[in-house]
Trainee: 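The structure follows.
Just the heavy atoms: all of them, side chains too, but no hydrogens, waters or symmetry mates, feed the values below.
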Amino acid sequence: MRVEETLSQESYGRKWWLRAFLGVVLLLVGFYLALSSLFNSTVVIMMAKGFSWLPLSGLIIMLLGFEECVEAYFSRELRELHHNLQVGILDFVVGGLIVLSVGAAPERLVLLIAAFLLVRGFVRMVLVQVLQLPNKLLTSFFGLTAVVLGGLLAFDVFADQAAFVAFAVNLEIAFRGWAMLSFAWWVRNRNQTA
């Protein structure tokens with residue numbers, strides 16, 4: 001069964017505009033928080049001094065995970081349920097661990113976040129090729145950037161670890177918004193030509 005036939009049976013086509021809106025919001029919020037992580041790294045959120053914007057980033061990732069789990073609950077296809085549930089649980093657990101670990105040292109989170117970025121980046125690069133999404137080059141570049149950021153975190157390259165970790169996580173949020181927006185436009189264009 002081809003990708004187009006699979007997607008036509010699922011609910012993606014009916015909610016492309018909602019995905020596009022959420023994609024734009026994530027893109028803007030992610031870039032704003034990434035820049036804030038670089039230029040205002042000493043901010044204290046949720047009484048977590050020395051964590052930069054990480055607690056807020058964790059909350060956003062948790063909310064995205066919750067949204068995916070809700071989508072899984074209302075899915076009509078087993079494939080859709082499986083995909084949304086996996087992504088939702090991953091995001092919810094990683095976001096929750098980020099939020100719950102703000103009282104400890106930032107080093108505890110580094111490998112978790114590095115693995116999260118590596119997985120998200122590789123999955124994004126593979127999916128954009130398999131689905132033949134528009135803006136393949138830019139979306140693949142964003143996936144590769146997430147992989148590189150995850151690698152830099154895993155090898156402890158930067159001195160100001162908390163600010164860089166927050167920057168990397170927030171950039172991933174922005175990249176996810178871009179991927180969601182690209183997917184929404186692809187579904188919209190596919191539905192118009194069908």
Side-chain angles (χ1 to χ4, degrees), residues 19 22-69 71 84 86-128 138-183:
R19 286 199 181 281
L22 185 57
V24 168
V25 169
L26 287 176
L27 184 66
L28 295 175
V29 167
F31 276 131
Y32 173 78
L33 291 176
L35 291 174
S36 297
S37 299
L38 290 178
F39 298 114
N40 190 9
S41 62
T42 59
V43 70
V44 177
I45 297 175
M46 295 173 52
M47 298 182 295
K49 189 174 183 178
F51 280 87
S52 186
W53 294 84
L54 263 179
L56 183 58
S57 309
L59 284 173
I60 291 170
I61 292 171
M62 275 182 70
L63 288 173
L64 289 170
F66 180 75
E67 183 265 336
E68 287 283 349
C69 288
E71 268 194 53
N84 289 341
Q86 280 185 325
V87 171
I89 289 173
L90 174 68
D91 285 348
F92 193 80
V93 168
V94 170
L97 288 173
I98 290 171
V99 170
L100 293 175
S101 298
V102 294
E107 299 83 36
R108 290 184 56 192
L109 293 173
V110 172
L111 285 178
L112 170 72
I113 292 172
F116 179 71
L117 292 173
L118 288 166
V119 167
R120 298 295 297 199
F122 280 125
V123 166
R124 185 168 295 123
M125 287 189 298
V126 169
L127 282 179
V128 75
L138 190 56
T139 305
S140 295
F141 174 74
F142 288 162
L144 181 62
T145 303
V147 169
V148 169
L149 290 173
L152 292 173
L153 284 176
F155 291 109
D156 197 20
V157 174
F158 291 92
D160 189 1
Q161 188 90 20
F164 181 70
V165 171
F167 170 75
V169 169
N170 290 318
L171 208 52
E172 170 55 30
I173 291 170
F175 293 164
R176 183 172 180 172
W178 169 260
M180 200 176 276
L181 183 60
S182 290
F183 181 72

Trainee: Looking only at heavy atoms, what is the nearest atom pair of Gly58 and Ile98, with distance?
Mentor: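 Shortest heavy-atom separation between Gly58 and Ile98 comes out as CA-CG2, 3.8 Å.
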Trainee: Using side-chain heavy atoms (C-beta onward) and a distance below 4.5 Å, is Leu117 in contact with Val147?
Mentor: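 Leu117 does not reach Val147 side chain to side chain.
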Trainee: Between Glu68 and Arg176, is the salt bridge (charged side-chain N to carboxylate O under 4.0 Å, His left out) condition met? List the steps.
Mentor: CA-CA 13 Å; Glu68 287 283 349; Arg176 183 172 180 172; 3.6 Å; yes
Trainee: Given side-chain contact (heavy atoms from CB on, under 4.5 Å), test Cys69 with Ile89 step by step and report yes or no.
Mentor: CA-CA 7 Å; Cys69 288; Ile89 289 173; 4.3 Å; yes
Trainee: Less than 3.5 Å apart, which donor and acceptor atoms pair up between the side chains of residues 22-34 and the rest of the protein, not counting sequence neighbours?
Mentor:
none

Trainee: Before you tell me yes or no, could you show the steps for Leu171 and Phe175 under side-chain contact (heavy atoms from CB on, under 4.5 Å), namely the whole-Å CA-CA distance, both residues' side-chain angles and the distance that decides it to 0.1 Å?
Mentor: CA-CA 6 Å; Leu171 208 52; Phe175 293 164; 3.5 Å; yes
Trainee: With sequence neighbours excluded, what pairs up with Phe116 under the ring pair (Phe, Tyr, Trp, His ring centres under 6.0 Å) test?
Mentor: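 Residues passing ring pair (Phe, Tyr, Trp, His ring centres under 6.0 Å) with Phe116: none at all.
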Trainee: Let me confirm one number: the CZ-CD1 distance from Arg120 to Ile173, rounded to the nearest 0.5 Å.
Mentor: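 Going from CZ on Arg120 over to CD1 on Ile173, the span is 10.0 Å.
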Trainee: CG/Leu64 to CG/Leu90 distance, rounded to the nearest 0.5 angstrom?
Mentor: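 Those atoms lie 11.5 Å apart.
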Trainee: Do Val99 and Pro55 come within less than 4.5 Å of each other through their side chains, counting heavy atoms only?
Mentor: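 Heavy-atom side-chain distance check fails, nothing below 4.5 Å.
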Trainee: What pair of heavy atoms forms the shortest contact from Ala154 to Ala114, and how long is it?
Mentor: N-CB, 3.8 Å
Trainee: Which of these, Leu112, Leu111, Ile113, Val169, sits in a side-chain contact (heavy atoms from CB on, under 4.5 Å) with Leu153?
Mentor: Ile113
Trainee: Quick one: are Met62 and Leu97 in side-chain contact, heavy atoms under 4.5 Å?
Mentor: no
Trainee: If you measure from CG on Leu127 to OG on Ser182, what distance do you get to the nearest 0.5 Å?
Mentor: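 Leu127 atom CG to Ser182 atom OG measures 12.5 Å (nearest 0.5 Å).
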Trainee: Stepwise, does the side-chain contact (heavy atoms from CB on, under 4.5 Å) test hold for Leu56 with Trp53?
Mentor: CA-CA 6 Å; Leu56 183 58; Trp53 294 84; 4.0 Å; yes
Trainee: List the atom of Phe92, the atom of Phe66, and the distance in Å for their closest heavy-atom pair.
Mentor: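 Scanning both residues, the minimum pair turns out to be CD1-N, 4.2 Å.
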Trainee: My understanding is that only residues two or more places apart in sequence, or in another chain, count here; which of them pass salt bridge (charged side-chain N to carboxylate O under 4.0 Å, His left out) with Arg124?
Mentor: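 Checked Arg124 against salt bridge (charged side-chain N to carboxylate O under 4.0 Å, His left out); matches are Glu172.
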Trainee: Please report the shortest heavy-atom distance between Leu144 and Met125, naming the atom on each side.
Mentor: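 Closest approach of Leu144 to Met125, heavy atoms only: N-SD, 3.5 Å.
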